[in-house]
Amino acid sequence: MSELDPRKTPVIIGVGQINDRPQDPGDGLDPIGLMAAALRKADEDAGGDWLARCDSLSVVAQLAWPQLNPVDGKLAETLGIDPAHRMQTAMPNGDSPILLLHEAANRIARGEATICAIVGGEALRTAAKLAALKPRDDGEKPNALRDASHRKRSGYAPSYGLVVPTDVYPLYENAGRAAFGQSLAEGQAESGAIWSGMSEVAAGNDSAWIREAVSAEEVITPSASNRPIAFPYTKLQVANSSVNQGAGFIVTSLAEARERGQPDEKLVFIGHGAAAHEDGNFLARDRYDYSPSLSTSIERTMELNGVSADDLAHVELYSCFPCVPKMARRVLGWPLNRPATVFGGLTFGGGPIGNYMSHAVAEMVIRLRGTEDKGLLFANGGYATHNHTILLSGTPTGARFPQEFDYQQEADAKRGAVPELDEEYEGEAEVETYTVHYARDGSPRSGVVVARTPQGTRTLALVRGSDSASLSWLTDGSTEPVGTAGLILRDEEGMGLWQMPAQDGRDAS
């Protein structure tokens with residue numbers, strides 16, 4: 001194999017992170033302030049004077065201050081730079097930082113840029129404080145994430161309570177547990193073990209938001225400080241978006257780094273990567289216990305780099321909710337007793353919406369510098385929609401750039417038939433997956449069943465909060481609801497209502 005051209009070999013030379021925690025959350029930095037601070041730290045980490053010559057600025061979109069468009073002049077102005085190439089992702093998806101890293105590597109290899117800066121920042125902690133000062137007619141406590149996302153409860157899925165990620169990812173959790181052959185207790189124990197391990201990583205990381213290790217039992221057990229969110233997830237099992245965090249990194253060519261005297265032990269090399277996606281409509285998935293795009297992204301990255309799980313010193317398996325690293329570690333073959341994060345996970349490290357993986361990149365770079373180790377970064381975004389995986393290494397990987405990373409066709413070939421949606425179905429049906437949504441006091445608000453009809457179509461059914469028998473059946477773990485037959489009836493408003501299956505000779509009604 002011919003020697004790699006150092007002008008076409010991208011390396012990461014600087015990383016920076018910031019946690020903004022003023023005594024009064026309302027005094028916090030806005031996203032541009034967070035991004036600028038993170039990139040200044042990355043520049044300092046790289047030895048200085050890199051940002052001044054930056055010719056490419058890529059920004060992860062943010063939710064906290066929707067009126068801001070950081071890439072549209074303000075961020076560059078704050079930093080005192082004038083890059084020719086500027087872009088911002090369309091949405092703050094969790095895979096965005098890895099996508100931008102991969103695109104920057106290709107841009108350098110094509111000679112379109114010499115120094116690329118990638119950054120993101122979220123100020124939802126500050127946004128929540130400011131939102132709390134505004135009166136609300138409905139009496140509800142402000143929710144910065146829901147408010148910032150501008151989603152309305154309209155349409156088929158939202159009418160059944162499936163609105164934001166905390167409503168949807170439990171569908172994968174419950175379907176996955178059943179497919180893995182686990183009881184509820186076993187599934188929760190796996191979640192607790194992964195999350196407890198993440199909390200231990202965060203406890204030792206100065207850049208993490210919550211630096212306190214918790215036990216597996218504490219993670220999965222509902223309590224006053226760990227209320228249930230959506231079955232089977234408690235607060236400690238979901239991403240912590242109430243943070244003010246920024247992170248960024250600087251990429252250049254190996255030739256430029258050496259020309260400017262960058263020591264080899266500071267360089268981290270980029271390997272092959274792969275991306276693939278599911279349909280943006282989470283009701284248009286072939287199944288909820290497996291993701292062909294997730295599988296393709298990880299498997300193809302490992303194959304392209306010629307490595308196995310045993311060759312990896314570190315991994316970051318995206319951790320917005322336990323179902324994602326559970327699926328990822330099964331594809332990867334990653335043991336339960338090895339840490340699934342280098343940053344601390346989205347609960348403990350912090351969950352700044354689309355920019356979490358910039359923090360993971362920063363931590364991975366710190367761990368790989370001056371070593372011969374390799375690390376895998378797996379990112380997920382949307383509603384288990386977007387997947388992007390890439391390898392980093394403390395030594396050259398042999399990967400050539402520019403490289404194609406779109407493996408959508410391969411993922412699509414793995415996908416089974418997607419069932420048609422029947423929004424008006426009434427009659428017998430089988431539970432495909434489900435969840436229960438909880439109020440802030442821990443009481444069940446309602447449940448939702450994703451069901452399959454005898455004709456193979458998919459439909460939704462509501463479980464009212466007053467239906468204590470059905471809610472208990474879905475959540476007590478005495479039987480496995482997934483795969484169980486029941487009945488869907490229509491109420492006076494046309495909503496499908498789930499009727500629990502017959503028990504002890506009694507009918508389902």
Side-chain angles (χ1 to χ4, degrees), residues 4-19 32-60 75-86 97 100-105 107-109 111-121 205-207 245-271 314 342-343 355 357-375 377 390 392-397 401:
L4 296 179
D5 184 347
R7 295 170 300 176
K8 296 185 177 183
T9 302
V11 291
I12 303 174
I13 57 167
V15 299
Q17 302 179 75
I18 179 172
N19 280 346
I32 288 177
L34 292 169
M35 293 178 194
L39 281 182
R40 288 188 183 114
K41 287 192 171 192
D43 188 54
E44 180 182 359
D45 179 58
D49 199 35
W50 288 90
L51 271 181
R53 298 175 59 223
C54 166
D55 50 8
S56 175
L57 175 63
S58 299
V59 173
V60 177
L75 178 58
E77 178 184 337
T78 301
L79 291 167
I81 63 177
D82 188 23
H85 172 264
R86 307 180 192 191
L100 296 181
L101 168 61
H102 219 153
E103 289 180 338
R107 195 172 296 116
I108 288 167
E112 297 171 357
T114 303
I115 302 170
C116 299
I118 296 96
V119 70
N205 178 8
D206 290 341
S207 296
Q245 290 183 308
F249 46 97
I250 300 173
V251 185
T252 191
S253 68
L254 179 60
E256 184 73 13
R258 286 178 171 167
E259 182 179 328
R260 299 192 59 192
Q262 196 79 354
D264 284 353
E265 60 268 21
K266 287 291 294 290
L267 306 180
V268 169
F269 294 80
I270 303 167
H314 314 286
V342 290
F343 180 58
N355 198 49
M357 289 303 291
S358 289
H359 294 271
V361 169
E363 291 297 326
M364 188 69 79
V365 166
I366 292 168
R367 292 184 183 228
L368 294 176
R369 280 176 171 162
T371 75
E372 296 183 356
D373 292 341
K374 295 178 174 62
L377 295 163
I390 203 165
L392 299 184
S393 175
T395 56
T397 65
F401 292 85

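Put simply, CZ on R7 and OG on S253 are 9.5 Å apart, with the number rounded to the nearest 0.5 Å. Atom CG of L57 and atom SG of C116 lie 10.0 Å apart (nearest 0.5 Å). For the atom pair CZ of R258 and OG1 of T9, the computed distance is 8.5 Å after rounding to the nearest 0.5 Å. K266 NZ to D264 CG: the interatomic distance, rounded to the nearest 0.5 Å, is 12.0 Å. Atom CD1 of I108 sits about 8.0 Å away from atom OG of S56, to the nearest 0.5 Å.
Contact of the P10 side chain with the R107 side chain is not registered, since no non-hydrogen atoms from C-beta on lie closer than 4.5 Å. Using a 4.5 Å cut-off on side-chain heavy atoms (C-beta onward), V119 and V60 make no contact. A heavy-atom distance below 4.5 Å is found between the side chains of H102 and I390. Using a 4.5 Å heavy-atom threshold, the side chains of E363 and N205 count as touching. Using a 4.5 Å heavy-atom cutoff, the side chains of N355 and S358 are in contact. At least one side-chain heavy atom of L377 sits less than 4.5 Å from a side-chain heavy atom of M357. Between Q262 and L267 the shortest side-chain heavy-atom distance falls below 4.5 Å. Considering only heavy atoms from C-beta on, I270 comes within 4.5 Å of V251 through its side chain.
Here the closest heavy-atom approach between residue G16 and residue K41 is recorded as CA-CB, 3.8 Å. Of all heavy-atom pairs between A360 and V342, the closest is O-CG2, 3.8 Å. Closest approach of H85 and S58 over heavy atoms only: CE1-OG, 4.0 Å. Heavy-atom minimum distance, I18 versus A37: CD1-CB, 3.5 Å. Nearest approach of R260 to I115, heavy atoms of both residues: NH1-CD1, 4.2 Å. Residues A38 and G248 come closest through the heavy atom pair CB-N, 3.8 Å.
In this structure, the side chain of T252 engages the main chain of T114 through a donor-acceptor pair within 3.5 Å. Between the side chain of D43 and the backbone N or O of L51 there is at least one donor-acceptor pair closer than 3.5 Å.
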(Q) Let's go through M364 and F343 carefully: what are the C-alpha distance in whole Å and the side-chain angles of both, what is the deciding distance for side chain to side chain contact (heavy atoms under 4.5 Å, CB included) to 0.1 Å, and is it a yes or a no? (A) CA-CA 8 Å; M364 188 69 79; F343 180 58; over 6 Å; no
(Q) Could you go through V365 and L368, starting from their C-alpha distance and side-chain angles, then the distance that decides it, and tell me whether this counts as side chain to side chain contact (heavy atoms under 4.5 Å, CB included)? (A) CA-CA 5 Å; V365 166; L368 294 176; over 6 Å; no
(Q) Run D373 and R367 through side chain to side chain contact (heavy atoms under 4.5 Å, CB included) and show every step you take. (A) CA-CA 9 Å; D373 292 341; R367 292 184 183 228; over 6 Å; no
**Q.** I13 vs W50, side chain to side chain contact (heavy atoms under 4.5 Å, CB included): CA-CA, chis, key distance, verdict
**A.** CA-CA 9 Å; I13 57 167; W50 288 90; 3.3 Å; yes
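Other residues, nucleotides and ligands contribute at most 12 non-hydrogen atoms within 6.0 Å of the CD atom of E372.
Residues satisfying the side chain to side chain donor-acceptor pair (under 3.5 Å) criterion with R53, sequence neighbours excluded, are E256. Residues passing the salt bridge (charged side-chain N to carboxylate O under 4.0 Å, His left out) test with R40: none are found, sequence neighbours excluded. Checked against side chain to side chain donor-acceptor pair (under 3.5 Å), D55 has no partners two or more places apart in sequence or in another chain. The side chain to side chain donor-acceptor pair (under 3.5 Å) test applied to E112 returns R110, not counting sequence neighbours. The side chain to side chain contact (heavy atoms under 4.5 Å, CB included) search around A109 returns K8, F401, P402, not counting sequence neighbours. R369 meets the salt bridge (charged side-chain N to carboxylate O under 4.0 Å, His left out) test with D45; sequence neighbours excluded.
Shown are I250, I118, V361; of these, the side chain to side chain contact (heavy atoms under 4.5 Å, CB included) with I12 is made only by V361.
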